[in-house]
Asks: 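Before I ask anything, let me first share the structure, which is written out below as structure tokens.
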There are 2 protein chains.
Amino acid sequence: MGHGMASRTDTKTRILDAAEKLFAERGFSETSLRLITSKAEVNLASVNYHFGSKKELIRAVLARYLDVFMPSAAAEIQRLFKNPELANLNEIFSSLIKPLLELNQVRHGGTTIFLQLLGRGYIESQGHLRWFITTHYGQYLEAFVRAVSASAPHIPPAEMFWRLHFTLGTIVFTMASADALNEIAAADYGEHNDTEAIIRKVIPYMAAGVSVPILAKE
Amino acid sequence: MGHGMASRTDTKTRILDAAEKLFAERGFSETSLRLITSKAEVNLASVNYHFGSKKELIRAVLARYLDVFMPSAAAEIQRLFKNPELANLNEIFSSLIKPLLELNQVRHGGTTIFLQLLGRGYIESQGHLRWFITTHYGQYLEAFVRAVSASAPHIPPAEMFWRLHFTLGTIVFTMASADALNEIAAADYGEHNDTEAIIRKVIPYMAAGVSVPILAKE
DNA sequence: GTTTAATTTAAACGAGTGTTTTAATTGAAA
DNA sequence: TTTCAATTAAAACACTCGTTTAAATTAAAC
């Protein structure tokens, strides 16, 4: 029963740390277990020993971020609605900035990595990560959707569903190519934006899109 | 020199038709040449014989659509600006609908396939497809950027750069996951949207985001 | 009808994948 | 110190992948 607790945790963490970086950079299926374990300086078989399979490793990588982000984000939303006057969309989206940037304290570059992982998870892996997220964190997602819907009551639920996924695509694609975009922006416009600056640029864009009135058909 | 022209063209077309469908559905790296050639009912080696490599097959699949879409889209933009009064953003984005839907006449389901391919191309394949598109079709892209900038003169170039990439992310992510989103929308809201319906939903979102005034910092 | 180049075919190649197995090592409990 | 389960390690397994090779087939040119 008693055994080397320290070394086991260490190996698991080394794997998770190496995996999340590589997954975010190159995607899940493009990242082999051999590359992960060599970067982590652990044995190849240790992934299957500690996590069971590659698929479960992917889930563990995502869960480590979601377990921090989701409750924090939910608390921010709740705090916002304690206020008597209704929050507007910009405020709701902006309330996610703090939980997102806190991920940088959890791990270096955590904010960018998390958003990139989220994007990869939704695009790759036909549905099984989407299912994992909605079943494990559905309560948080629903609370967020309710908050947004209350702030834009003129948008019907079905339309809001689509617009929130447009929003997901906007943020996820932007963060996935943030490094490349930043290089171009620096070269062409002399701009140097960190992750927070980009988030603050994208929020007005998303808020405007989500709340734009639906045009009557001609 | 003279040789079986009919059979060669037929084989190449069979490969392209099978490949574009599978690439759009499952992504490039998740689609094996063996799956493509079995669906196309041609020999495995014929891909390397006719296209050289899998990477060049991917480019050929995309080029077959871009060669139709890009000139058509450019013509629409140009036609829009022949009109004395300035076009608004909704009109500019909407002018791409016709060129997009024309792809359905080229091939069954062509519009969806093209947009999904575009999304896969920008997300997968780290940069080499992005490079292929900008170097081969850059003139068309620049004309489009000029048209959008003229319609939103209150947005400085650097900000417009970011917002157009937000827009790219929105459309690309949406189309890459269009099938999955449509399934959810059908189950949860009883909605059944075709590609045109989704395009018409996303355009107001993007137009509002691109043109939203920049807030003075507090 | 013969020649000749284009095309198709079947088979193999070499490298890479996730996973499993079996043995060695570790370190706290007895 | 012995015991024994947890962990690490090295190797092999059973695939799949894109690509190449070499022979067979096709059909147009002469």
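Heavy-atom basis, side chains included; hydrogens, waters and symmetry copies ignored. Every chain is numbered from 1 and lettered A, B, ... according to where its sequence line falls, protein lines coming before strand lines.
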Asks: Nearest whole Å is fine: how far is C/dT8 C1' from B/Asn43 CG?
Replies: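 Going from CG in B/Asn43 over to C1' in C/dT8 covers 6 Å.
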Asks: What is the distance from CG of A/Leu57 to C1' of C/dT17, rounded to the nearest Å?
Replies: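 Rounding to the nearest Å, CG of A/Leu57 and C1' of C/dT17 are 15 Å apart.
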Asks: Would you call B/Asp17 and B/Arg64 a salt bridge, taking side-chain N to carboxylate O under 4.0 Å as the test?
Replies: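 Yes, this pair counts.
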Asks: Compute the ring centroids of A/His128 and A/Phe132, then answer whether they are less than 6.0 Å apart.
Replies: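 Between A/Phe132 and A/His128, which both carry aromatic rings, the centre distance is not below 6.0 Å.
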Asks: Kindly confirm or rule out a cation-pi arrangement of A/Arg107 over A/Tyr65, judged by NZ or CZ under 6.0 Å from the six-membered ring centre and within 45° of its axis?
Replies: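 Yes, A/Arg107 sits over the ring of A/Tyr65.
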Asks: Nearest whole Å is fine: how far is C/dT26 P from A/Asp10 CG?
Replies: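 Rounded to the whole Å, the gap is 16 Å.
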Asks: Is the phosphate of D/dT8 approached by A/Thr11 (side-chain N or O, under 4.0 Å from OP1 or OP2)?
Replies: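 For D/dT8, OP1/OP2 do have a side-chain N/O of A/Thr11 under 4.0 Å.
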Asks: Could you check whether A/Arg59 makes a cation-pi contact with A/Phe51, meaning its NZ or CZ is under 6.0 Å from the centre of the six-membered ring and within 45° of the ring axis?
Replies: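 Checked: cation-pi criterion not met.
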Asks: I'd like to check A/Val68 versus A/Phe114 (side-chain heavy atoms, cut-off strictly below 4.5 Å). Are they in contact?
Replies: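 Answer no - side chains too far apart.
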Asks: Separation of A/Ile15 atom CD1 from D/dT7 atom P, in whole Å?
Replies: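 Interatomic distance, CD1 of A/Ile15 to P of D/dT7: 12 Å.
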Asks: Look at the side-chain N and O atoms of B/His50 and state whether any lies under 4.0 Å from the OP1 or OP2 oxygen of C/dA6.
Replies: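 No, B/His50 has no side-chain N/O under 4.0 Å of OP1/OP2 on C/dA6.
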Asks: Compare every heavy atom of B/Thr37 with every heavy atom of B/Val47, then report the nearest pair and how far apart it is.
Replies: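 Closest approach of B/Val47 to B/Thr37, heavy atoms only: CG2-CG2, 3.6 Å.
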Asks: Any chance you could list the contact pattern along nucleotides 16-23 of chain D? Use B for base contacts, S for sugar-phosphate-only contacts and - for none, protein heavy atoms under 4.0 Å, 5' to 3'.
Replies: -BBBB---
